[in-house]
Student: 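Sharing a structure with you now.
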Amino acid sequence: MLKVNNLNVSYGAIHAIHDVSLHVEEGEIVTLIGANGAGKTTILHTITGLKKAASGDVLLYDNNLLKTEPSKIISLGMAHVPEGRHVFPTMTVEENLEMGAYIFNSKDDIKVGIKDVYQRFPRLKERSKQLAGTLSGGEQQMLAVGRAIMSKPKILLMDEPSMGLSPILVKEIFSIIEEVHNQGITILLVEQNAKMALSIADRAYVLETGHIKMEGDAKELMDNDDVRKAYLGV
Amino acid sequence: MLNVSLFIQSIVNGLNQGAVYALVALGYTMVYGIIRMINFAHGDFIMVGGYTLFYTIPLMVNAGMPAWMSVIIAIAVCTIVGVAVERIAYKPVRGAGSMSALITALAMSLFLENLALVLFGANPKSVPAIFNLPMIDFAGAKLPGKALITLVIGLAIMLLLQIFIKFTKLGKAMRAVPQDKQASTLVGINVNKIITITFAIGSALAAVAALMYCSTYPRANTEMGVMLGLKAFIAAVLGGIGIIPGAMLGGIIVGLVEIFVKVYLAPGWYEAITYGILIVVLLVKPTGILGKNIGEKV
């Protein structure tokens, strides 16, 4: 459903992404792992139009995302949970969720959506009137995921959802990802926590300084000696 | 002994003056909130409104309509000018840093003033009476009816704006964009469109401020927006720049302080005291009265 072909991205004179090609099929969890600065976030930003590409194609179904106005991309069925959560800090939890459904107009549908999110994340319901900036990191991550699924996406891009969270919360976030996936949402997951990411993914890409170094079945990559040495610390 | 009627008069005059500052301050603060830029041409939108009133009030009156209906034309003209300034002058330099934006805004201010000088000449124009209302007796105080009505209009607009920002979808988007442009884009908000709408609303408020101002001081000249704009800017900073209720509070405070200093302390000192209060507030609380910082969680 999502195809990235020969993508190149530059920051000024620095060529950050080199001929990256990847694809995500309906129903998969695909993960993109790599060290800090490898270009994982840049790839996601380019897919959702936050960063301009130098060359290449990004196709969601038949839509060329590089030629789509960034604010229209979510209407095509793709939501993005950005690195660092990016909740609206001085809006309440509930208002944040409403903003997630910005592309919809029916107030009743939005209410049903919010109820669904609250059912999945009871903690958010308890804090519905609280300003999002006052939530803990884990709660903000839940809110960021909740806000993204308010748009009823078919595919969800997640950028470092485990960043800065305690090991218990990391487990919780990963079980949330699996739960979201079980509801029929395809997932492209960017992670530094390669072990956790590979354990839930179907396929994986390993990114090193802007190049795809390896790709393949997640379980096989987990047993690969190079991957184990470089990313799993064994 | 406190003279009750003078006190009431001063309150009404102060609130009236404050409501004008507040409406103008809203324009500064909304634009700052969304693109972190001080639109120094904003004061000149009031001048555009003032001249529009001068030229259109006679037409309204001849057509048998009440003079204040001219404000509708002034709102339209100011909105067009405000949006045009944003699109033509500010949007191209948006990525170029705050210094370029600031200089562009100062240039637009000078451009509008000099354009008005060319179009309308240097002599001030007398704006015809906008409201013909009698004095109203209240607790022994004689209050000008026009001051009361402009005060009510000003407060009503602020209330409506607050409801709009708080509860409507567009209002929420206008709050979301300044907090996080990236996340706003990701949820489907067209940030450029929101910036344009912000300029449109700010300019429309400047037109209403022009009506209120001209009903008390019925003169339009090319520099009328400079001092008014500066005071409103101070009001916005005092209340906490970028914060909508802060602009309203700051405007009302500046208006009341000015009138009370004029009436009760020393007429010549009102500006010095207003600026003094600003300095003290900024020393104690650099983000302004309602300003606050919410740290980002990582």
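Chain identifiers are assigned alphabetically (A, B, ...) following the order of the sequence lines, protein sequences preceding nucleic acid strands; residue numbering begins at 1 within each chain.
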Student: Could you check which of A:M150, A:K72, A:R147, A:E83 has the highest count of heavy-atom pairs closer than 4.5 Å to chain B?
Tutor: A:R147

Student: Side chain from CB out, backbone as N, CA, C, O: work out which of these in A:V87 comes under 4.5 Å of a heavy atom of chain B, or both, or neither.
Tutor: backbone

Student: More than 12 heavy atoms of other residues, nucleotides or ligands under 6.0 Å from CD1 of A:I168: yes or no?
Tutor: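 It does not: A:I168 CD1 has 12 such atoms or fewer within range.
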
Student: What part of A:I73 gets closer than 4.5 Å to chain B, counting heavy atoms only: side chain, backbone, both or neither?
Tutor: neither

Student: Counting only N and O atoms by type, is there a donor-acceptor contact under 3.5 Å from the side chain of B:Q182 to the main-chain atoms of A:L50?
Tutor: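 A pair under 3.5 Å: no.
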
Student: Is the number of heavy atoms from other residues, nucleotides or ligands under 6.0 Å of A:K111 NZ greater than 12?
Tutor: no

Student: Below 4.0 angstrom, N of the basic side chain to O of the carboxylate: do B:K172 and A:E98 qualify?
Tutor: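 Answer for the salt bridge query: yes.
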
Student: For residues A:Y102 and B:I194, report the shortest heavy-atom separation together with the two atoms involved.
Tutor: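 Smallest interatomic distance, heavy atoms only, reads OH-CD1, 4.5 Å.
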
Student: What part of A:Q141 lies closer than 4.5 angstrom to a heavy atom of chain B: side chain, backbone, both or neither?
Tutor: neither

Student: CG/A:N105 to NZ/B:K169 distance, rounded to the nearest 0.5 angstrom?
Tutor: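 Nearest 0.5 Å value for the CG-NZ distance: 4.0 Å.
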
Student: Going by side chain to side chain contact (heavy atoms under 4.5 Å, CB included), B:L186 matches just one of A:M99, A:M78, A:H80. Which one?
Tutor: A:H80

Student: Is there side-chain contact between B:S184 and A:F88, with at least one heavy-atom pair below 4.5 Å?
Tutor: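 A side-chain contact under 4.5 Å exists here.
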
Student: Would you say the side chain of B:I189 lies within less than 4.5 Å of the side chain of A:S71, judging by non-hydrogen atoms?
Tutor: no

Student: Step through the shown structure and confirm whether more than 12 heavy atoms of other residues, nucleotides or ligands are within 6.0 Å of NZ on A:K125.
Tutor: no

Student: Is there side-chain contact between A:H86 and B:K181, with heavy atoms separated by less than 4.5 Å?
Tutor: no

